[in-house]
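Have a look at the structure below before the remarks.
For ligands, and for the atoms within them, numbers begin at 1 and follow the listed sequence. Values in this document were obtained by computation on a predicted structure and should not be read as measured data. Heavy atoms only: backbone and side chains are in, while hydrogens, waters and symmetry mates are out. Sequence positions, counted from 1, serve as the residue numbers for this chain.
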Amino acid sequence: MENELKRIIKNILFPKVKINQALLAEKLHKKTIVITGGSFGIGEQLCRQLSEINCQLVIVARTKEKLQQIQQELQNKPATIYIFSADLSDEVQLDQFIQYLQQYSVDIVINNAGKSICRPIMQSLDRFHDFQRTMQLNYFAPVKLCLALIPQLEKNKGHIINISAINVLLAPTAYWAAYQASKTAFDQWLRCAEAELLIEGIKISTAYLPLVKTRMIEPTAAYQHAPTMSRQQAVDHICQLIIEQRAYYKPWWTLLGQVSSVFFARNWVKLMQFYLKKKKC
Ligand SMILES: NC(=O)c1ccc[n+]([C@@H]2O[C@H](COP(=O)([O-])OP(=O)(O)OC[C@H]3O[C@@H](n4cnc5c(N)ncnc54)[C@H](OP(=O)(O)O)[C@@H]3O)[C@@H](O)[C@H]2O)c1
């Protein structure tokens, strides 16, 4: 009974989208797609899905063995898969990846690699590096990658797709300062750049995802029983953005949260204080 109720809630919160595979294949035929963070989670699932199409996938992440395993598993698929192992939060390795990409003619870049940290400020007093690391991967790396790829994207009338989180659209949440600030930073950057890039013929899309069942949310106890979107559903929404080239995807109910975030901002802070004090007792 409990499981059935969970299933119904999930279906209401995350209704399934049906992807037109033929249209997706047509859009991506012989295109070169860069996917950051393609070794696990949403990025891995996306690689598997796009491997069914005759295109070139360039995947980057840190875990070389996992990238090699994916490449080997998908070697008989229509897509050609290139892998590059790099820690994108390390500027030298990021530059090496950018250098490596110069041999391609990139059509789509999917900025998906990300790091999340959930930690109270009072436990972060000696952890300035948490804020540096999240900014490095979630903000500076995609900014530098986009800047480097803009000439190729301009030539190919390409597409930048950002994998973001609904949290950047809603009132901020306690414990998530490092992650939310860094995701919001890149979201703002891309929104500022949007009009400038659109006139150069480069499309911009953002997937504002809710909780997705990946290893990223595993360490957060509070999320263990929360309704989550599956990796495949997240990938379907990203594919839909590729097909329709819409500016964004966000779950239908995000608007309610956005309106509440404006009208009940102070109440939200009070509610969080109440919750945090109760937790301390
Ligand atoms: N899961 C959620 O609830 C959720 C919700 C909203 C938005 N998102 C966003 O979705 C994106 C994908 O997250 P996910 O849930 O799929 O998480 P995940 O399973 O942890 O995957 C993250 C990917 O990023 C790569 N990565 C992490 N640090 C990296 C680094 N320093 N350099 C290069 N690659 C790195 C990881 O590979 P390696 O470890 O091999 O480097 C992995 O492939 C993130 O941008 C996240 O912010 C997730």
Report task. State plainly whether the residues K157 and E200 are in salt-bridge range, i.e. N to O under 4.0 Å. Result -> no
**Report entry** Polar atom proximity, A61 to ligand 1 (N or O, under 3.5 Å)
**Finding:** no
Query raised in the report: If you count the non-hydrogen atoms of other residues, nucleotides and ligands that lie under 6.0 Å from NZ in K64, is the total more than 12?
Result: no
Report summary line: Of all protein heavy atoms, the one nearest atom 40 (O) of ligand 1 is T63 OG1, 2.5 Å
Query raised in the report: Do any N or O atoms from the side chain of R246 and from the backbone of Y248 form a donor-acceptor pair under 3.5 angstrom?
Result: yes
Query raised in the report: For atom 11 (C) of ligand 1, what's the nearest protein heavy atom and its distance?
Result: N112 O, 3.0 Å
Query raised in the report: Does one side chain, of Q258 or K250, offer a donor that lies under 3.5 Å from an acceptor on the other?
Result: yes
**Report entry** Heavy-atom gap K183 to ligand 1 smaller than 4.0 Å
**Finding:** yes
Report task. For ligand 1, indicate whether the residue A234 contacts it via side chain, backbone, both or neither (heavy-atom separation under 4.0 Å). Result -> neither
**Report entry** Closest protein heavy atom (residue, atom, distance) for atom 13 (O) of ligand 1
**Finding:** M216 CE, 3.7 Å
Requested in this report: Looking only at protein heavy atoms, identify the closest one to atom 15 (O) of ligand 1 and say how far it is in Å.
Outcome: T214 OG1, 2.6 Å
Query raised in the report: Do Y82 and Y100 have ring centroids that are under 6.0 Å from one another?
Result: no
Query raised in the report: Going by distance alone, is a donor N or O of one side chain under 3.5 Å from an acceptor N or O of the other, for Q152 and N156?
Result: no
Query raised in the report: Among all protein non-hydrogen atoms, which one is nearest to atom 25 (C) of ligand 1, and what is the separation to 0.1 Å?
Result: G37 CA, 3.5 Å
Query raised in the report: Per the side chain to side chain donor-acceptor pair (under 3.5 Å) rule, which among Q240, H159, E194, Q245 passes with S205?
Result: H159
**Report entry** Polar contact flag for L209 and ligand 1 (N/O pairs, less than 3.5 Å)
**Finding:** no
**Report entry** Interfacing atoms of ligand 1 (cut-off 4.0 Å, heavy-atom, S39)
**Finding:** 36 (C), 37 (O), 38 (P), 40 (O), 42 (C), 43 (O)
Query raised in the report: More than 12 foreign heavy atoms under 6.0 Å from CD of E244: is that the case here?
Result: yes
Query raised in the report: Are R7 and E4 ion-paired here, with the side-chain N under 4.0 Å from a carboxylate O?
Result: yes
Requested in this report: Please state which part of S164 comes within less than 4.0 Å of ligand 1, counting heavy atoms only: side chain, backbone, both or neither.
Outcome: backbone
Report summary line: Numbered in order shown, the ligand 1 atoms found under 4.0 Å of a heavy atom of G38 are 43 (O)
Query - Residue-ligand contact S116/ligand 1, heavy atom below 4.0 Å - result: no
Query raised in the report: Do S39 side-chain atoms and K66 backbone N/O form a donor-acceptor pair below 3.5 Å?
Result: no
Query - Option with minimal heavy-atom separation from atom 41 (O) of ligand 1, where the choices are R62, Q45, R231 - result: R62
Requested in this report: Select one of side chain, backbone, both or neither to describe which atoms of L137 lie under 4.0 Å from any atom of ligand 1, heavy atoms only.
Outcome: side chain
**Report entry** ring pair (Phe, Tyr, Trp, His ring centres under 6.0 Å) between F140 and F186, worked out
**Finding:** CA-CA 8 Å; F140 288 116; F186 187 66; over 10 Å; no
Requested in this report: Please write down residue, atom name and distance for the protein heavy atom closest to atom 39 (O) of ligand 1.
Outcome: R215 NH2, 2.8 Å
**Report entry** Over all atoms of both residues, closest heavy-atom pair of Q71 and I81
**Finding:** NE2-O, 2.8 Å
**Report entry** For atom 4 (C) of ligand 1, the protein heavy atom that lies nearest, with its residue and separation
**Finding:** P210 O, 4.1 Å
Query raised in the report: Please state which protein non-hydrogen atom is closest to atom 2 (C) of ligand 1 and give its distance, to 0.1 Å?
Result: V212 N, 3.4 Å
Query raised in the report: So is Y208 in contact with ligand 1, going by heavy-atom distances below 4.0 Å?
Result: no
Query - Close N or O approach (L211, ligand 1; < 3.5 Å) - result: no
Query raised in the report: Does ligand 1 have an atom that lies less than 4.0 angstrom from a heavy atom of A141?
Result: no
Report task. Give a yes/no verdict on a cation-pi contact between R215 and F40, requiring under 6.0 Å between NZ or CZ and the six-membered ring centre and an angle within 45° of the axis. Result -> yes
Report summary line: I42 heavy atoms within 4.0 Å reach ligand 1 at atoms 10 (O), 15 (O), 16 (O)
Query raised in the report: Short question: side chain of S182, backbone of A178 - any donor-acceptor pair under 3.5 Å?
Result: yes
Query raised in the report: Hey, which atoms in ligand 1 end up nearer than 4.0 Å to a heavy atom of I217?
Result: 1 (N), 2 (C), 3 (O)
